[in-house]
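Beneath this line is the structure, given in structure tokens, with notes to follow.
Not measured: the values here are computed from a predicted model.
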Amino acid sequence: MREDVVAIVSHDLRNPLNAISLSATLLEREAVNERTTKTAHRIASAADRASGMIRDLLDFTQARVGGGIPIHPQPLDFHEHVRRVVEEVRLAWPGRRIGFQASGEGRGEADEGRLAQVVTNLVGNALQHSPPGTAVRVSTRGVDSSLVLEVHNEGPAIPAELLPTLFEPYRRGAEAGAGRGSLGLGLYITREIVLGHGGTLDARSTPEDGTTFTVRLPRHPPAKGG
């Protein structure tokens, strides 16, 4: 019942939030002074964060109640798709360095929207948990029948006792209280998307080498059903 309520409320909140976002955008375009522009921008940013939380709640409910997050693979260039998403993240974090490199054959199949969600979640997580002056490194590789994504940051090591439960829902870091946190569903949803592709998601973290999340997807995900 609790999960049903969360799903219903989350779904119904989208319409008023969309109205807030649209109104803030219009206000920002037509602002007559700098103060109004900044106010409109803050409203739009807050609405975007709230929309992200609602999207996470809906995905969480789908994963828990609906038997997993649905995946719709299409042919794509893995390297190019990840590169485009990294460019979008760079725009949202203009003060941070995000490196990218690719190797091997990148042709395969994946759900473009869901893969973008995986990249955004992992890179955003790496940025949140690493010092401002350090770089986040993103790499993609085509290896035989697999497509591999790695996201590395130089932040403090994840305590060993937390690693076994890292991908469980509602795990929040200290940054949540500082205004950059979320509901703690990002890594859980990321893992569910990877599992939906028939892949794996692992994390390794040491004080010497930093933290690396590794996604390994089959180049051609297995067909579902039938």
Side-chain angles (χ1 to χ4, degrees), residues 2-4 6-11 14 51-86 88-89 100 102 104-126 128 138-152 158 162-172 182-204 211-226:
R2 179 183 61 187
E3 290 169 344
D4 287 344
V6 167
I8 293 169
V9 172
S10 300
H11 185 273
R14 288 190 299 182
S51 295
M53 292 180 186
I54 289 173
R55 183 176 60 249
D56 283 352
L57 284 169
L58 291 171
D59 283 345
F60 170 70
T61 304
Q62 177 70 46
R64 295 288 281 246
V65 179
I69 294 176
I71 302 298
H72 305 287
Q74 298 291 333
L76 53 64
D77 184 319
F78 185 67
H79 303 320
E80 180 61 22
H81 186 62
V82 173
R83 185 195 64 77
R84 285 198 300 267
V85 179
V86 169
E88 293 172 4
V89 177
F100 174 76
E105 174 56 59
R107 286 179 295 180
E109 297 175 9
D111 186 314
E112 287 194 6
R114 291 301 187 179
L115 178 57
Q117 203 171 343
V118 167
V119 177
T120 301
N121 283 349
L122 290 180
V123 177
N125 181 75
Q128 288 179 27
V138 181
S139 64
T140 55
R141 302 194 310 274
V143 184
D144 299 328
S145 60
S146 297
L147 298 169
V148 181
L149 164 71
E150 288 190 340
V151 179
H152 174 269
I158 300 170
L162 296 184
L163 284 173
T165 60
L166 193 61
F167 300 111
E168 294 303 311
Y170 300 117
R171 298 293 174 180
R172 305 175 74 199
S182 63
L183 296 172
L185 294 173
L187 289 179
Y188 171 78
I189 291 169
T190 299
R191 183 186 64 174
E192 290 297 311
I193 293 172
V194 171
L195 291 176
H197 281 85
T200 61
L201 172 60
D202 299 299
R204 64 181 185 275
T211 299
T212 303
F213 285 86
T214 302
V215 174
R216 186 177 294 271
L217 303 176
R219 194 179 291 274
H220 301 285
K224 300 294 180 68

For residues 139-152, which side-chain N or O atoms pair as donor and acceptor with protein atoms under 3.5 Å away, sequence neighbours left out?
from	atom 1	to	atom 2	distance (Å)
T140	OG1	H79	ND1	2.8
H152	ND1	R137	NH2	3.3
H152	NE2	D209	O	2.6

Checklist entry - Which atom pair, heavy atoms only, marks the closest approach of P218 to H197? => result CG-O, 3.1 Å

Item to check | 4.5 Å side-chain heavy-atom contact, V89 and V119 | outcome: no

Checklist outcome for this item: To the nearest 0.5 Å, atom CG of L217 lies from atom CG of D111 at 11.0 Å

Next on the checklist: Run the salt bridge (charged side-chain N to carboxylate O under 4.0 Å, His left out) test against R219 and tell me which residues pass, sequence neighbours left out.
Outcome noted: none

Item to check | Distance (rounded to the nearest 0.5 Å) between I189 CD1 and I69 CD1 | outcome: 5.5 Å

Item to check | Residue pair G198 / P222: nearest heavy atoms and the distance that separates them | outcome: CA-CD, 4.5 Å

Next on the checklist: Nearest 0.5 Å, please: how far is CZ in R84 from CD in E112?
Outcome noted: 6.5 Å

Checklist entry - Which salt bridge (charged side-chain N to carboxylate O under 4.0 Å, His left out) pairs, counting each pair once, include a residue from residues 186-204, with sequence neighbours left out? => result E168-R191

Item to check | Shortest non-hydrogen separation from L166 to A203 and the atoms involved | outcome: CD2-CB, 3.9 Å

Checklist outcome for this item: Contacts of N121 meeting side chain to side chain contact (heavy atoms under 4.5 Å, CB included) (sequence neighbours excluded), chain-then-number -> Q117, T190

Checklist outcome for this item: Residue set satisfying salt bridge (charged side-chain N to carboxylate O under 4.0 Å, His left out) with R114, at least two apart, ordered chain then number -> D59

Checklist entry - Got T120 and V85 here, is their nearest side-chain heavy-atom distance under 4.5 Å? => result yes

Checklist outcome for this item: Interatomic distance, CG@L201 vs CD1@I193, rounded to 0.5 Å, equals 10.5 Å

Checklist entry - What pairs with E88 under salt bridge (charged side-chain N to carboxylate O under 4.0 Å, His left out), at least two apart in sequence or on another chain? => result none

